[in-house]
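One structure below.
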Amino acid sequence: MTALNTAPRTSRTAPARPVTPPAKPRNPWRVVITVAITVAVILVFWSVKVDWARTVNLPADIARYLWLMFSNPAWDKVPEALWQTWRSVEMAWVGCLLGIVISFPLSFLAARGIGPAPVRFVLRGLFSLIRAVPEIVIAIVILSVTGLTPLTGALALAVNGIGTLGKWGYEAIEGVHPGPIEAVHAAGGSRWQTVRWGIWPQASPEFVSFWLYRFEINVRASAVLGLIGVGGIGDMLTSYTQYREWPTVGALLIVVIIVTVAIDLTSGAIRRRITEGSRVRDLA
Amino acid sequence: MTRISPETPAGAAAAAPAPWSIRLRDATVRYPNGVVGLNKISLDIEAGEMVSIVGLSGSGKSSLIRTINGLVSLSSGTLEVGDHRMDLARGRELRRLRGQIGMIFQGFNLAGRTTVLNNVLVGRLAHTSVARTLVGAYRPRDRQLAYEALDRVGMLERVYHRAAHLSGGQQQRVAIARALAQEPGIVLADEPVASLDPPTAHAVMGDLRRINRELGITVLVNLHLLDLARGYGNRLIGLRAGEIVYDGPAASATDADFERIYGRPIGDQDLLGGAASSASTASPVSLPGEPV
Amino acid sequence: MSAAEYPGLPAKPGGRWKIWLAIGIIAAITAVTLAPGIGVDFSLDAILRNWRNGTEKIGQLLVPDWSFFPRTIAPLWETIQMAIIASVIGAIVSVPLSMWAARLTNPNPVTRGIVRTLLNIVRAVPDLLYAAVLVAMVGVGALPGIIALVLFNVGIVVKLVSEAIESGDPGPGEAARAAGATQTQINRAALLPDIWPPFINQALYAFELNVRASTVLGLVGAGGLGLLIDAVRTFYRYDQLSLIILEILVVVVLIDWASAVIRKRVK
């Protein structure tokens with residue numbers, strides 16, 4: 001049967017027989033769900049306590065404040081800002097290290113095939129519990145013992161880090177190729193020999209990569225922790241925001257942005273080296 | 001053979017383009033990395049021809065196909081399609097010309113997650129305003145052209161299927177329908193059957209031949225398998241290192257000619273094998289030299 | 001030396017020094033961050049001083065003040081409203097921005113560079129700092145919170161989606177270009193269909209993050225549960241804080257579950 005046998009040229013503008021496509025399949029559930037979600041979203045927009053009419057002036061307002069902040073930033077505050085940023089980065093670093101040290105063994109215990117099932121279950125529950133609570137709330141809980149010091153910030157970041165690093169860790173361990181593990185089993189290796197020589201060589205680049213990524217996250221989070229008074233750039237920024245010293249706020253934001261972007265770029269470059277290095281090793 | 005003169009019917013076919021000729025003069029393509037794709041090629045292809053282009057990978061056959069619709073631009077020389085200087089066309093004019101040239105790819109290049117219909121309507125984009133495209137409101141005439149094109153390749157039943165759910169051969173037919181929906185003067189095909197199994201490959205090649213015979217469209221097909229090149233083309237062009245080393249009737253090209261094009265003895269890997277399947281047996285005329 | 005271990009053993013490859021250098025740098029930074037005066041102060045006397053009082057407070061966490069529940073309903077609802085609104089606005093804004101930021105959908109290096117640089121800057125500032133500054137600009141309430149979340153949202157979604165676009169198949173776009181389409185048409189008709197699933201995925205992921213983030217924005221006056229957190233912490237009512245944390249947990253788990261269900265359907 002040839003599909004191409006209708007008189008060609010004429011049919012292009014005036015088809016001899018109009019081609020009718022088969023009936024379009026309809027999925028009523030799809031329509032219902034789409035309508036339901038749209039209505040829900042509209043209701044949320046309508047019910048929230050926001051004066052949407054005010055948003056008309058918003059772009060102009062924000063432009064005015066941006067001008068106040070960045071037209072003439074208070075450069076004399078930069079040395080102090082850099083010092084406070086350093087304190088934030090310290091919190092991030094110490095919190096990251098603590099998080100790594102604690103989460104590292106836990107992520108192995110939480111991985112299928114290594115930890116016993118009850119331990120695995122408890123640890124996974126703990127990880128997701130921690131991840132659900134924002135760092136700043138953890139910090140508020142911890143500060144009742146440690147007081148308003150950078151240590152509180154570091155500990156809060158460490159706790160939060162256990163949640164994320166632990167999860168990424170056991171996922172990475174469970175994601176390795178089973179071949180090398182079988183090989184170690186076949187050679188009579190014990191459980192921990194399997195971890196060391198079957199799993200770790202494959203998972204190590206990933207681990208290092210997300211340790212670095214966690215540090216990037218911590219750098220941002222540590223600036224936020226300053227808001228509750230544990231020190232660092234966030235502390236300084238909220239004070240000057242409350243005084244409405246816009247040129248200083250502008251200068252502080254510039255410092256935050258430059259330091260964060262610089263750390264991101266460095267860490268990102270190292271991560272790329274590590275993961276691409278691992279790919280080369282895989283091919284070899 | 002039912003080749004119909006492009007001028008019919010009077011008036012009504014104003015929108016339908018005539019098949020286009022292709023004229024290359026001293027055409028050179030040099031890529032930014034220094035690789036020469038085409039080296040001073042001069043070539044005339046008449047409107048309505050069916051041409052097989054053969055050569056090893058890297059011989060320049062992909063460069064040639066891509067040059068003709070401006071996906072690759074000439075470093076020097078001239079290119080005319082129909083009455084238009086393709087090499088000088090830019091922006092809107094370039095898009096208008098591309099709109100008259102259908103292209104078929106080795107990897108089908110369908111958007112897998114949307115329907116067959118939406119994929120075929122991509123062929124109408126050059127005739128559709130950006131505003132209409134954004135909301136997906138194609139004109140009824142464009143839809144009608146898409147249905148017709150799908151009907152021609154026997155895929156109308158699948159119009160609302162997701163492209164990714166089709167087999168390779170079906171996907172390539174949808175891709176052919178996309179090219180036909182453009183109402184093209186030329187159809188270019190870049191290794192259209194290299195990802196397909198032999199029976200499907202013959203079916204798709206048969207479709208291309210029927211496009212050429214029944215719609216009169218100029219068809220250029222890149223191939224690396226010599227039995228397909230011999231069996232489905234009327235004319236055969238051999239490329240090697242960016243230069244034309246053979247140009248003659250496809251049916252009478254000998255194995256020695258192919259060895260000259262490939263620069264090595266030919267063997268089984270250069271043949272697809274398998275009899276031309278339903279697609280070509282269904283066509284009214286069988287060409288001499290068709291694979292048996 | 002190796003010759004003594006085994007005849008013909010090749011010398012150990014070089015390059016181990018890089019690992020030792022990395023360890024040295026990490027140790028040095030750690031030493032500085034823990035040094036007295038310029039580092040995180042690990043002095044234990046504050047902890048010892050607060051210990052009794054602190055453990056008592058943390059003990060309160062174990063007995064939530066259920067009678068506080070009615071007062072938390074309105075702020076909790078506002079938190080969810082803020083997250084939903086910011087996610088919807090953020091998702092809509094992210095579609096064109098993602099396409100501007102990816103090479104496949106925007107071949108122009110100048111505009112692509114501008115969009116990417118702006119987004120890197122937007123991403124460098126954490127959501128709570130945005131909220132703190134915005135509260136000073138537009139006043140307390142849900143509005144500064146929503147704006148802060150939108151910025152946060154756009155930063156994440158555009159980065160992840162533009163990366164998904166770059167790693168996608170250029171074929172359909174090439175086919176549309178060959179058929180004479182403009183870049184906008186290529187993006188809409190040939191590339192958007194295949195971008196859609198990763199886009200929905202990342203938008204949902206951003207929504208999950210938004211729910212977490214929106215619970216604390218009130219700490220700087222940007223509306224939602226955070227306002228209550230700020231109030232109860234001033235009075236050290238850890239039994240009430242405990243209830244709030246429980247509510248955050250429930251909401252986050254529910255939203256994650258709902259978004260997982262939707263994700264599965266989109267695939």
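In this text the structure is predicted, and so the values were computed from the model without any measurement. Residue numbers begin at 1 in each chain, while the letters A, B, ... track the order of the sequences. Hydrogens, waters and symmetry mates play no part in the numbers below; they use all other heavy atoms, side chains included.
Interface remark: of the candidates C:R123, C:E56, C:E78, C:R123 forms the most heavy-atom pairs closer than 4.5 Å to chain A. For the options C:I80, C:N120, C:V138, heavy-atom pairs under 4.5 Å to chain A are most numerous at C:V138. If you tally non-hydrogen atom pairs under 4.5 Å between each of A:R54, A:Q242, A:R64, A:E216 and chain C, the highest count goes to A:R54. Across A:L227, A:T149, A:V261, the residue that shares the most heavy-atom pairs under 4.5 angstrom with chain C is A:L227. Listed options C:V135, C:I26, C:I147, C:T55 were ranked by heavy-atom pairs under 4.5 angstrom with chain A; first place goes to C:I26. For the set A:A40, A:A223, A:A132, the entry with the most heavy-atom pairs within less than 4.5 Å of chain C is A:A132. Across A:T238, A:V141, A:V133, the residue that shares the most heavy-atom pairs under 4.5 angstrom with chain C is A:V141.
Summarising the geometry, atom CG belonging to A:L143 is positioned 5.5 Å from atom OH belonging to C:Y236; distances are rounded to the nearest 0.5 Å. Atom CG of C:L134 and atom CG of A:D61 lie 11.0 Å apart (nearest 0.5 Å). We find the CG-OG distance between C:L61 and A:S144 to be 7.5 Å, quoted to the nearest 0.5 Å. Atom CZ of A:R131 sits about 8.0 Å away from atom CG of C:D256, to the nearest 0.5 Å.
Both the backbone and the side chain of C:V32 come within less than 4.5 Å of a heavy atom of chain A. Looking at C:I121, the atoms closer than 4.5 Å to chain A (heavy atoms on both sides) sit in the backbone and in the side chain alike. Within the 4.5 angstrom heavy-atom criterion, atoms from both the backbone and the side chain of A:I257 approach chain C. Residue C:V220 touches chain A through its side chain alone, counting heavy-atom pairs closer than 4.5 Å. For A:L58, the part lying near chain C is the side chain, with the backbone staying farther off; criterion is any non-hydrogen pair under 4.5 Å.
The number of heavy-atom neighbours closer than 6.0 Å to NZ of A:K77, taken from other residues, nucleotides and ligands shown, is above 12. More than 12 heavy atoms of other residues, nucleotides or ligands sit less than 6.0 Å from atom CH2 of A:W83. Within a 6.0 Å radius of CH2 in A:W52, other residues, nucleotides and ligands contribute more than 12 heavy atoms. Within 6.0 Å of the OH atom in A:Y65, the count of heavy atoms belonging to other residues, nucleotides or ligands exceeds 12. Heavy atoms of other residues, nucleotides or ligands lying less than 6.0 angstrom from OH of C:Y205 number 12 at most.
Contact annotation: the side chain of C:R233 approaches that of A:I228 to within less than 4.5 Å [non-hydrogen atoms, C-beta and beyond]. Here the side chains of C:I146 and A:V50 are in contact, with some heavy-atom distance below 4.5 Å. Counting only heavy atoms from C-beta outward, the side chains of C:Y130 and A:L253 never approach each other to under 4.5 Å. For the pair A:F45 and C:I84, the minimum side-chain heavy-atom distance is 4.5 Å or more. Under the 4.5 Å side-chain criterion, counting only non-hydrogen atoms from C-beta, C:M137 is in contact with A:M69. Residues A:D51 and C:L143 fail the side-chain proximity criterion, which asks for heavy atoms closer than 4.5 Å. Looking at C:L219 and A:I136, their side chains come closer than 4.5 Å, going by heavy atoms from C-beta outward. Under the 4.5 Å side-chain criterion, counting only non-hydrogen atoms from C-beta, A:T241 is not in contact with C:L129.
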- Query: When you look at A:W93 and C:L34, which way does the side chain to side chain contact (heavy atoms under 4.5 Å, CB included) test go after all the steps?
  - Reply: CA-CA 10 Å; A:W93 181 269; C:L34 295 178; over 6 Å; no

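Here the shortest heavy-atom pairing between A:S47 and C:W77 reads OG-CZ2, 4.2 Å. The minimum heavy-atom distance between C:A142 and A:K49, with the atom names listed, is CB-O, 4.4 Å. A pairwise comparison of heavy atoms in C:T30 and A:L97 identifies OG1-CD1, 3.2 Å as the closest pair. For C:P126 against A:R220, the heavy-atom pair with the smallest separation is CG-O, 3.3 Å. Between C:T33 and A:W86, the shortest heavy-atom distance links the atoms CG2-CH2, 4.2 Å. Shown here for C:R212 and A:P134, the closest heavy-atom pair between the two residues is O-CG, 3.7 Å.
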